[in-house]
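A short write-up of the structure that comes next.
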There are 2 protein chains.
Amino acid sequence: MSRMPRVSDMKGRLTDSAMELIWHNSYGATSVDAICERAGAKKGSFYYFFKSKSELAAAALEADWGKKKVQMDEIFSPTVSPLKRLDRYFDFVHDRLAEMQKKCGSILGCPLLSVGSEVSTQDQMVREAIDRIIDHKVNYFISAVRDAAAQGLIEAADPDAKARALFACYQGTLAQARIQNDVELLREFKTVAQEVLGVKRARARAV
Amino acid sequence: MSRMPRVSDMKGRLTDSAMELIWHNSYGATSVDAICERAGAKKGSFYYFFKSKSELAAAALEADWGKKKVQMDEIFSPTVSPLKRLDRYFDFVHDRLAEMQKKCGSILGCPLLSVGSEVSTQDQMVREAIDRIIDHKVNYFISAVRDAAAQGLIEAADPDAKARALFACYQGTLAQARIQNDVELLREFKTVAQEVLGVKRARARAV
DNA sequence: GAGTAAGTTGACCGACTGGTCAACTACCTT
DNA sequence: AAGGTAGTTGACCAGTCGGTCAACTTACTC
């Protein structure tokens, strides 16, 4: 009879704590000590589970993505009309960031972008984790844009390229909101999205 | 007769060195020692000119903006047709970043965004410097978009809002290029810009 | 040359950093 | 209770970090 291993929740506490700190502050400004303190861990436990700070950050981003994927699957369900998927997503993110602002005083934008920009030239493990996650996230946009094009809701010679452009636009807007600490910038994004997508005017109201 | 003060170029060497390092790496990963080494300075000189690392970073970003302003004034000269101003700018940035990639192996994107994202929740001096610079840069976009609308080249209920959206989209694309280390993302931006702007089709070729 | 102020230096500081590791504890099965 | 392993701890490490400061040097004017 094989042994039943102990179940510790420490790994999750560490990734959650790391995620909160690197999103709120920055990767560089987040120390292993601070992560441990927040997680109620000692440093030795940290290094039992993760080889390095970098490995933890990558794991934290991926664990966070795992949680967000569930929400995105729901928001982008193919049972929802394509343009409405995007609208729901923008509203969802806006509400989440506004809520977080109440708690911590700042608009945090997207961690993939802030942490990605910060470490991309120096830490390939974290950069690659972020790249993988971005690839997944872009796919939601791509499927929505493809469906919208197939349904004749938008003009798109190349739906995939358009989806990627829209995603980049959204990331830029999220970054601006973080830098300026102004959530209102996000409220206006739906209009921008319609322009990027080339939403057909007669049908626009059908979103 | 008042004394003629000595002229030292140290301040400029420090801001230049700091700019290079925080753009290439990150603010947090750039140490005062590294900046001094790069500038050929000793730490005491650093602190003779700047009260803190933060003050130097703000000064470095502003000095860099001073240099870039000259280039942007030329590229966005009102003697150039508005949509062509934007095209020239996108080409200029693309070429600059591609050149820098050859030297340092990375696409560096825009320092305002990478450093801004990194420090905005923690360092108000640097964040405010970045905000000021962004405000200036957006004005080039605003004037181009206003002129384009006035000339009937684009559709714009609110040219200012459209210019801001275009700027944010460009920043997002620059950030993606940095994270993915792929300059080709920038080449495609002109198409996105035309869509965001609602460039009128019959006139698009006149850009 | 003398005087002065701008600029530079080297040595220093306390705190912090990411990481190491032997010893210990807790949990599970037998 | 014993055994074994997963997990935890506390103490430690060398190096780095942003910053300080007295002493010195240099450049300029008179």
- line: Picking from C/dA6, C/dG10, D/dG7, the nucleotide nearest the side-chain atoms of B/Lys42 would be C/dG10
- line: Residue pairs meeting side chain to side chain donor-acceptor pair (under 3.5 Å), one or both in residues 161-180 of chain A, sequence neighbours left out, come to A/Lys162-B/Glu195
field: Residue pairs involving residues 118-133 of chain A (criterion side chain to side chain donor-acceptor pair (under 3.5 Å); sequence neighbours excluded)
entry: A/Ser54-A/Asp123, A/Glu62-A/Arg132, A/Gln124-A/Arg127, A/Arg127-A/Asp131
Given atom [atom1] of [X] and atom [atom2] of [N], what is their separation to the nearest angstrom?
X       : N      : atom1 : atom2 : answer
B/Leu56 : D/dG19 : CG    : P     : 10 Å
B/Ile35 : D/dG19 : CD1   : C1'   : 13 Å
B/Phe49 : D/dG19 : CZ    : P     : 17 Å
B/Phe50 : D/dT20 : CZ    : C1'   : 18 Å

- prompt: B/Tyr140 pairs by ring pair (Phe, Tyr, Trp, His ring centres under 6.0 Å) with which of B/Phe167, B/Phe92, B/Phe76?
  reply: B/Phe76
Which atom pairs link the protein and nucleotides 18-24 of chain C when you take only N or O atoms and keep those under 3.5 Å?
{"residue": "C/dG18", "atom": "OP1", "partner": "A/Lys53", "partner atom": "NZ", "Å": "2.8"}
{"residue": "C/dG18", "atom": "OP2", "partner": "A/Val32", "partner atom": "N", "Å": "2.8"}
{"residue": "C/dG18", "atom": "N7", "partner": "A/Lys43", "partner atom": "NZ", "Å": "3.1"}
{"residue": "C/dG19", "atom": "OP2", "partner": "A/Tyr47", "partner atom": "OH", "Å": "3.3"}
{"residue": "C/dG19", "atom": "OP2", "partner": "A/Lys53", "partner atom": "N", "Å": "2.8"}
{"residue": "C/dG19", "atom": "O6", "partner": "A/Lys43", "partner atom": "NZ", "Å": "3.2"}

- prompt: Quick one, which residues of residues 14-24 of chain A touch DNA chain D with a heavy atom under 4.0 Å?
  reply: none
field: Counterpart residues, side-chain contact (heavy atoms from CB on, under 4.5 Å), relative to A/Thr79 (two or more places apart)
entry: A/Ser77
query: Which residue pairs satisfy the salt bridge (charged side-chain N to carboxylate O under 4.0 Å, His left out) criterion with at least one member in residues 33-49 of chain B, sequence neighbours excluded?
result: B/Glu20-B/Arg38, B/Asp33-B/Lys43
query: Does a salt bridge link A/Arg187 with A/Glu184, judged by any charged N lying under 4.0 Å from a carboxylate O?
result: yes
message: Let's go through A/Asp16 and A/Lys67 carefully: what are the C-alpha distance in whole Å and the side-chain angles of both, what is the deciding distance for salt bridge (Lys or Arg N to Asp or Glu O under 4.0 Å) to 0.1 Å, and is it a yes or a no?
response: CA-CA 11 Å; A/Asp16 287 351; A/Lys67 295 179 200 168; 2.7 Å; yes
Phosphate OP1/OP2 of C/dG7: any B/Tyr48 side-chain N/O under 4.0 Å: yes
- request: Please report the shortest heavy-atom distance between A/Tyr89 and A/Ile75, naming the atom on each side.
  value: N-CG2, 3.6 Å
